[in-house]
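Below is one structure, written out as structure tokens, with a few remarks after it.
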Amino acid sequence: MKYEITHTNTFNYATKVDQSMNEIRLKPRTDECQRLLAYRTELTPTALTKEYQDIWGNNVESFFIAEIHQALEVKTISTISIQRSPFIERIDYSPEMKSIFHSNIFRQQYLPFLNQTAYTYVTEDQVNEVVNQIGNTENPVRFSLDVMKYVYDLFSYDPVATDVNTKATESIVGRKGVCQDYAHVMIGILRARSIPARYISGYLYVGEDSALVGDAATHAWVEVMVPGIGWVGLDPTNNVEALENHIRIGVGRDYADVSPLQGVYRGGEQELDVKVSVKLLDQ
């Protein structure tokens, strides 16, 4: 599958801004299943960008605007090729996998994705309620799939029920939210059961006949570390394995690690308008 993604963030300020410093995490990743064919950033006002990789391997572009402006437009255009086949249902929980999963080396290697954050923390009672509903299988793959379905069934997709600051322990009570909330709750439950899980930001291609649900801007899902296999993507918003419709940008412990645009400026209040277009080029 080959896609072209155009992502435009437009900031309009109540007063003139005379300085603006920003970081963007909008450049898709290249890995064994996804290849970045082309990418460019267009800034208005124009500015030079400096690119680096953060601690999680995400592509970060930083830029500084010194001239006076009352609007800022950040547009990125990406071309992506993806080839990813269904995988997780065929994984067998072998004795070797079990041995790796319970080893100290495995835990130490993936400790950042085992520790809870403010976004992913869920209470012990909330975790126990989930386990009582889905069962306490020791197979981390089966348990991850069961948690994904549980979160999918529990939540109602509601773009106005939560915001970017909502925590998992809050949204699991309200049972409403967007992909960010689905992902944080699922991650929190998995980490509470010692299963390494990380937050993924990206885009979701939703075709005319697709039943997939995603934000009009970026999408979020979960990756689970399967012992001896690697990271496997699961999308609790849609109760599916993340395959060729899921375009990966950022990886982190939670939303805070992969926020698409962060920055500071000197001026008045701002309004943000976000437009994302994901176009299928060929299959």
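Everything numeric in this text was worked out from a predicted model, so none of it was measured.
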Over all atoms of both residues, closest heavy-atom pair of [X] and [Y]:
X	Y	result
Val185	Ala168	CG2-O, 3.8 Å
Val151	Pro236	CG1-CB, 4.2 Å
Asn59	Pro28	ND2-O, 3.7 Å
Ile82	Leu243	CG2-O, 4.4 Å
Leu261	Val74	CD1-CG2, 3.8 Å
Glu244	Tyr3	O-OH, 2.8 Å

I'd like to know if the side chain of [X] reaches the main chain of [Y], judged simply by a donor and an acceptor atom lying under 3.5 Å from each other, with no hydrogens or angles considered.
X	Y	result
Thr120	Gln116	no
Asn58	Val251	yes
Asp146	Lys149	no
Ser99	Glu96	no
Thr30	Leu36	yes
Asn245	Tyr205	yes
Ser259	Ala256	no
Glu73	Thr8	no
Ser201	Gly250	yes
Glu223	Ile200	no

Minimum side-chain heavy-atom gap [X]-[Y] below 4.5 Å:
X	Y	result
Met148	Tyr182	no
Val226	Met97	yes
Val122	Glu129	no
Tyr203	Ile249	yes
Arg193	Asn136	yes
Ile195	Val147	no
Leu145	Leu234	yes
Phe87	Glu241	yes

Taking [atom1] in [X] as the centre, count heavy atoms belonging to other residues, nucleotides or ligands within less than 6.0 Å. Is the count above 12?
X	atom1	result
Glu51	CD	yes
Leu111	CG	yes
Tyr152	OH	no
Asn104	CG	no
Ile68	CD1	no
Arg142	CZ	yes

Ring-plane angle category for [X] and [Y], please: parallel below 30°, perpendicular beyond 60°, tilted otherwise.
X	Y	result
Phe101	Tyr93	perpendicular
His184	Tyr119	parallel
Tyr110	Trp231	perpendicular

What's the separation between atom [atom1] in [X] and atom [atom2] in [Y], rounded to the nearest 0.5 Å?
X	Y	atom1	atom2	value
Ile55	Asp257	CD1	CG	9.0 Å
Ile189	Ile134	CD1	CD1	7.0 Å
Leu37	Glu4	CG	CD	11.0 Å
Thr79	Arg40	OG1	CZ	8.5 Å
His219	Trp221	NE2	CH2	6.5 Å
Gln53	Arg29	CD	CZ	7.5 Å

Cationic N near anionic O, under 4.0 Å, Glu138 to Lys98: yes
Electrostatic pair Arg25:Asp54 at N-O distance under 4.0 angstrom: yes
Trace of the side-chain contact (heavy atoms from CB on, under 4.5 Å) decision for Val240 with His246: CA-CA 11 Å; Val240 296; His246 293 74; 4.1 Å; yes
Test side-chain contact (heavy atoms from CB on, under 4.5 Å) applied to Gln34 and Ile247, step by step: CA-CA 8 Å; Gln34 174 177 300; Ile247 302 158; 4.0 Å; yes
Verdict with reasoning, Asn22 to Ser20, per side-chain hydrogen bond (donor to acceptor under 3.5 Å, both in side chains): CA-CA 7 Å; Asn22 301 275; Ser20 175; 2.7 Å; yes
Determine, using the 4.5 Å side-chain heavy-atom cutoff (strictly less than), whether [X] and [Y] are members of one ILVMFWY cluster.
X	Y	value
Ile187	Val131	yes
Val130	Tyr121	no
Val178	Val173	yes
Leu190	Ile229	yes
Leu72	Val264	no

Arg253 and Asn115 side chains, donor-acceptor separation under 3.5 Å: no
Evaluation steps, side-chain contact (heavy atoms from CB on, under 4.5 Å), between Val274 and His7: CA-CA 8 Å; Val274 181; His7 185 162; 3.6 Å; yes
Tyr265 ring center near Phe11 ring center (under 6.0 Å):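 Here the rings of Phe11 and Tyr265 have centres that are no less than 6.0 Å from each other.
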Centroid-centroid distance, Trp56 to Tyr199, less than 6.0 Å: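 No.
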Verdict with supporting geometry, Tyr39 and Leu26, side-chain contact (heavy atoms from CB on, under 4.5 Å): CA-CA 10 Å; Tyr39 175 83; Leu26 292 170; 4.2 Å; yes
